[in-house]
Undergrad: 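So that we are looking at the same thing, I have put the structure below in structure tokens.
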Number of protein chains: 2
Amino acid sequence: MAPRLPSTSRSLPIALIRAREGVMAPIREMLADTGITEQQWRVLRVLSEYGPLDASTLADRASLLFPSLTRIATTMREKGLITQTRDSDDRRRQFIRIAPAGEQIIDDHTAQAAQIVAGFRETLGDAQYETLLDLLGRLDPGARS
Amino acid sequence: MAPRLPSTSRSLPIALIRAREGVMAPIREMLADTGITEQQWRVLRVLSEYGPLDASTLADRASLLFPSLTRIATTMREKGLITQTRDSDDRRRQFIRIAPAGEQIIDDHTAQAAQIVAGFRETLGDAQYETLLDLLGRLDPGARS
DNA sequence: CCACTCTATTTAACATGTTAATTACTGTGA
DNA sequence: TCACAGTAATTAACATGTTAAATAGAGTGG
């Protein structure tokens, strides 16, 4: 029963980090000339898909911690990528919506981003790509199974 | 041929982030009382497994960027978790080795860490756990397939 | 109305991620 | 030996991750 840790070469956390790096590298490269980060890209993607959202929901869907979102939103507002408005019913709450400049970035890069995703899908094959997403989902405690 | 991005709910990068968060949360919790971070734990694990390493190799095996390792190593040296020595042959190069206090942290937490890993393996099942590691490996451009 | 509690968000402090520039040292060829 | 290219590591600057504390507004029972 001697408890043994797997070699770091077969460590799940490290494998996740490296895979993420492998997947994000081309996306970061794509975004390099736009001056936005991968997290800002994620915020734009979520807003573009779901429409205006309150900050909590946005943070959740973009997988950002709240303090990170606060800073990111400030940056993005200053860049004119989003707009922030207070909820008049509950003035603690805030709504965030994508601005035209933000939409533009999405429009300009959707095709290329889709191509990058398609490349990974092809690398693994459709079936295994879906398998991977399912397995990853089972490691996410937030996912309602 | 309209290029379409997948919904963010089926996005590979987001799935990787969430899975990593799910896997790391219990490990961070385990480390909370030691005062070391998950990255410092990774450094200790690699040093413990491979013995003394030069900084480049250590950064590579722990999946840390070099500037991060520089800061982390400084912190860990000040805490007495590692020692750093210059290579006398090539004085640019540096060797890093784990110190007794570092060994102690590894020893104190190996059992619990192994149990956490075992939990995830059980969640997915042995076969799917291995499948996951293999699929993740195929997304890592650094992995020689 | 008021103390109290809860919730949404922000701020603070420190650690790491990321890219670019810089420093220190090594090896090489003129 | 000296200028120069290359390598190992550090430093700098900015963005995000992470946890804890602080603010601000909303809701509730007395």
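Within every chain, numbering begins at 1; the chains are lettered A, B, ... in the order of the sequence lines, protein sequences first and strands thereafter. Remember, predicted model here, so these are calculated numbers, not experimental data.
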Undergrad: B:M24 CE to C:dT16 P: how many Å, rounded?
TA: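 Checked: the CE to P distance equals 12 Å.
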Undergrad: Charged N to carboxylate O below 4.0 Å: is that the case for B:E130 and B:R121?
TA: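 B:R121 and B:E130: salt-bridged.
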Undergrad: Knowing that exactly one of B:I72, B:L81, B:V43 qualifies, which makes a side chain to side chain contact (heavy atoms under 4.5 Å, CB included) with B:I36?
TA: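 It is B:L81; the other options fail the test.
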Undergrad: When only distance counts, do a donor and an acceptor, one from the side chain of B:R71 and one from the base of C:dG17, lie under 3.5 Å apart?
TA: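 Donor-acceptor pair under 3.5 Å: yes.
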Undergrad: Counting only side-chain nitrogens and oxygens, does A:T37 get under 4.0 Å of the OP1 or OP2 atom of D:dT16?
TA: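 Answer is yes, contact under 4.0 Å.
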Undergrad: Taking for each residue the nucleotide of DNA chain D bearing the nearest heavy atom, is the 5' side occupied by A:D89 or by B:E21?
TA: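 Per heavy-atom nearest nucleotide, the more 5' residue is B:E21.
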Undergrad: Could you check how far CD1 of B:I36 sits from P of D:dT19, rounded to whole Å?
TA: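 These atoms are roughly 14 Å apart.
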Undergrad: Of A:R20 and A:F66, whose nearest nucleotide on DNA chain C comes first from the 5' end?
TA: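 Of the two residues, A:F66 wins.
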Undergrad: If we check side chain to side chain contact (heavy atoms under 4.5 Å, CB included) with A:L5, which of these qualifies: B:I106, B:I116, B:T110?
TA: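 When B:I106, B:I116, B:T110 are each tested with A:L5, the side chain to side chain contact (heavy atoms under 4.5 Å, CB included) holds only for B:T110.
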Undergrad: I need the CG-P distance between A:L31 and D:dT16, as an integer number of Å.
TA: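 After rounding, the gap between these two atoms is 12 Å.
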Undergrad: Side chains of A:E49 and B:S7: do they bring a donor and an acceptor to under 3.5 Å?
TA: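 Yes.
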Undergrad: How long is the line joining CZ of A:R91 and P of C:dC6, in whole Å?
TA: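 Taking atom P of C:dC6 as the reference, CZ of A:R91 is at 23 Å.
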Undergrad: Does A:K79 reach the main-chain N or O of A:A101 with its side chain, forming a donor-acceptor pair under 3.5 Å?
TA: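 Absent.
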Undergrad: B:P67 has a side chain; which of C:dT18, C:dG17, C:dT9 sits nearest to it?
TA: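 Minimum distance to the B:P67 side chain belongs to C:dT18.
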Undergrad: Indicate whether OP1 or OP2 belonging to C:dG17 is found under 4.0 Å from a side-chain N or O atom of A:Q39.
TA: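 Checking C:dG17 against A:Q39, no side-chain N or O comes under 4.0 Å of OP1 or OP2.
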Undergrad: For a quick test of reading the model: is some side-chain N or O of B:Q84 closer than 4.0 Å to OP1 or OP2 of D:dA9?
TA: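 Checking D:dA9 against B:Q84, no side-chain N or O comes under 4.0 Å of OP1 or OP2.
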Undergrad: Taking for each residue the nucleotide of DNA chain D bearing the nearest heavy atom, is the 5' side occupied by A:R92 or by A:L64?
TA: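 Closest to the 5' end, via its nearest nucleotide, is A:L64.
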Undergrad: Given D:dA9, D:dT11, C:dC25, identify the nucleotide with an atom nearest to the side chain of B:D90.
TA: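 Of all the options, the side chain of B:D90 is nearest to C:dC25.
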Undergrad: Rounded to whole Å, please give me the gap between CZ in B:R93 and P in C:dG27.
TA: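 From B:R93 CZ to C:dG27 P: 10 Å.
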Undergrad: Return the nearest nucleotide to the side chain of A:Q40; candidates are D:dA15, C:dA20, C:dT10.
TA: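 Of D:dA15, C:dA20, C:dT10, D:dA15 is nearest to the side chain of A:Q40.
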Undergrad: Using whole Å, what does the distance between atom C1' of nucleotide D:dT11 and atom CG of B:L65 come to?
TA: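 About 15 Å, once rounded to whole Å.
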Undergrad: Are a donor atom and an acceptor atom from the side chains of A:T57 and A:D60 found within less than 3.5 Å of each other?
TA: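 No pair is found: no donor N or O on one side chain lies under 3.5 Å from an acceptor on the other.
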Undergrad: Would you say B:S56 reaches D:dA8's phosphate, i.e. side-chain N/O to OP1/OP2 under 4.0 Å?
TA: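 Looking at the OP1 and OP2 atoms of D:dA8, neither is under 4.0 Å from any side-chain N or O of B:S56.
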Undergrad: Find the distance A:I72:CD1 to C:dT10:P and express it as a whole number of Å.
TA: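 Rounded to the whole Å, the gap is 12 Å.
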Undergrad: Quick one: is A:T70 getting a side-chain N or O under 4.0 Å of the C:dT10 phosphate, OP1 or OP2?
TA: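 Result: yes.
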Undergrad: Students often get this wrong, so: under 4.0 angstrom with heavy atoms, is A:D87 touching a base, only sugar-phosphate, or nothing?
TA: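 If one applies the 4.0 Å heavy-atom cut-off, A:D87 turns out to touch nothing in the nucleic acid.
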Undergrad: B:R42 has an atom CZ; how far is it from atom P of C:dA15, in whole Å?
TA: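 From B:R42 CZ to C:dA15 P: 16 Å.
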Undergrad: Check the phosphate of D:dT19 against B:R28, side-chain N and O only, distance under 4.0 Å to OP1 or OP2. Yes or no?
TA: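 For B:R28, the contact criterion (side-chain N or O under 4.0 Å from OP1 or OP2 of D:dT19) is met.
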Undergrad: Is A:R86 near enough to C:dT10 that one of its side-chain N or O atoms lies under 4.0 angstrom from OP1 or OP2?
TA: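 Yes.
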